[in-house]
Amino acid sequence: MTNVFGMHPPQQVGDGRPTGHEQVVFCRDEPSGLRTIIAIHSTALGPALGGTRFHPYDSEDDALADVLNLSRAMSYKNALAGLDHGGGKAVILGDPGRDKTEALLRAYGRFVQSLGGRYVTACDVGTYVDDMDVVARECEFVTGRSSTHGGAGDSSVLTAYGVFQGMRAAAAHLWGAATLAGRRVGIAGVGKVGRHLVEHLRGDGADVVVADVSEPAIERIRAAHPEIDVVAGADALIREPIDIYAPCALGGALDDATVAALRATVVCGGANNQLDHPGVEKLLDERGVLYAPDYVVNSGGVVQVADELGGFDFDRAKAKAAAIFDTTMEIFALAEHDGVPPAVAADRLAERRMAEVGRLRNILIDGRGALRHADR
Ligand SMILES: NC(=O)c1ccc[n+]([C@@H]2O[C@H](COP(=O)([O-])OP(=O)(O)OC[C@H]3O[C@@H](n4cnc5c(N)ncnc54)[C@H](O)[C@@H]3O)[C@@H](O)[C@H]2O)c1
């Protein structure tokens, strides 16, 4: 890859295969130390929406590969969440603990603003609602701000709610009733999403067992729910006799070894990119494990922040996130009908909506532009 920070036509990455992105912009502001890459995968359904990841990448190529993958995934997530948004994402290269300053965030905001609304930013790993408040001082195309600034606040609230809806759908599909009552659910990672998920599950009468690498996270959940079990780590959780495994920590939770050892019959969790490599969805299928695709069931967060763009209304956003139940059911039905794993069925549904609804932009509403074009 080139190392030029400027407009860049990056239609290829890594192995040279086309990535299908519409636009990728490299931006740099030397005095504040900002280096950012903004990737717009698709605006077929509307302005590209996706968060800003602030991460100390080993190289610019790593950052580029990450932002291309993440932005593409947002196109699919936003399409199946029923949003009028395409997919985009941004990465800021640096250590958020060391490099994040007001000047850097505001410089970033100015670059997002310069895209004229083709990309709307929000929080992701390494950025928080308070950061979006700062970005918003330079930029109108930002969401996921704090509630004191009229924002939707912490998106993990509806992310967890959506994951719970996905689990209810899996239970309905597999066991004939949309409830987790009496089921044993293992949650790997009780951070923001995992913690809220515990509340939903306990409220529904499920038994819960958790694992986390952070002692404070375990202490917090133990204090709130002394009745739940704790095991030593995600590996131990996989070997536990559980009905549902919920990865709620980092990506790549499911690889050949974990699928082989897994005792759960359902996988449904909040983490992004749970499948370590292409083909894991087939392994799960072959083992008779029902996989609720990650980007479908964890879309409650983006539904929450998308709602903010029209003036945030929690009840309206929650009602939209509840539709994750129906979407997940539809994916399971399509997977059965087409004889493919649910992950493949989800991609098919997303691509169908992008094609069918995206195509509508070809219906001309304002003919003036076309006439001007014809005059030339
Ligand atoms: N927050 C959201 O709205 C949202 C939306 C969509 C997807 N997600 C995804 O959900 C996941 C969790 O997000 P979050 O906001 O709760 O993050 P978080 O940082 O608050 O929580 C993650 C938790 O996982 C734990 N963890 C890390 N590595 C672990 C391991 N190997 N085994 C067990 N636990 C481990 C951490 O200690 C932490 O407690 C991430 O993959 C994130 O990308 C979050």
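For ligands, and for the atoms within them, numbers begin at 1 and follow the listed sequence.
Per-residue contacts place Cys248 under 4.0 angstrom from the following atoms of ligand 1 (heavy atoms of the residue considered): 11 (C), 12 (C), 22 (C).
Protein heavy atom closest to atom 6 (C) of ligand 1, with residue, atom name and distance, is Asn298 O, 3.6 Å. Here the protein heavy atom with the shortest distance to atom 44 (C) of ligand 1 is Val193 CG2, 3.8 Å. Regarding atom 31 (N) of ligand 1, its nearest protein heavy-atom neighbour is Val213 CG1, 3.9 Å. Of the protein's non-hydrogen atoms, Asn272 ND2, 3.0 Å is the one closest to atom 43 (O) of ligand 1. Among protein heavy atoms, the minimum distance from atom 21 (O) of ligand 1 is reached at Gly191 CA, 3.2 Å. Among protein heavy atoms, atom 41 (O) of ligand 1 sits closest to Ala249 O, 2.6 Å. Of the protein's heavy atoms, Gly270 O, 3.3 Å lies nearest to atom 9 (C) of ligand 1.
In the candidate list Thr159, Asp124, Val210, Thr159 is nearest to atom 5 (C) of ligand 1, counting heavy atoms.
Listed here is the closest heavy atom pair of Val280 and Val259: CG1-CG2, 3.8 Å.
Considering backbone and side-chain N/O of Lys192, one or more are found under 3.5 Å from N/O of ligand 1. Taking any N or O of Val125, backbone or side chain, none lies under 3.5 Å from an N or O belonging to ligand 1. On a distance-only criterion, Asp212 and ligand 1 share at least one N/O pair closer than 3.5 Å.
Between the Glu308 side chain and the Gly150 main chain, no donor and acceptor come within less than 3.5 Å of each other.
Of the options Thr127, Asp131, Asp29, Thr121, a side-chain hydrogen bond (donor to acceptor under 3.5 Å, both in side chains) to Tyr108 is made by Thr121 and by none of the others.
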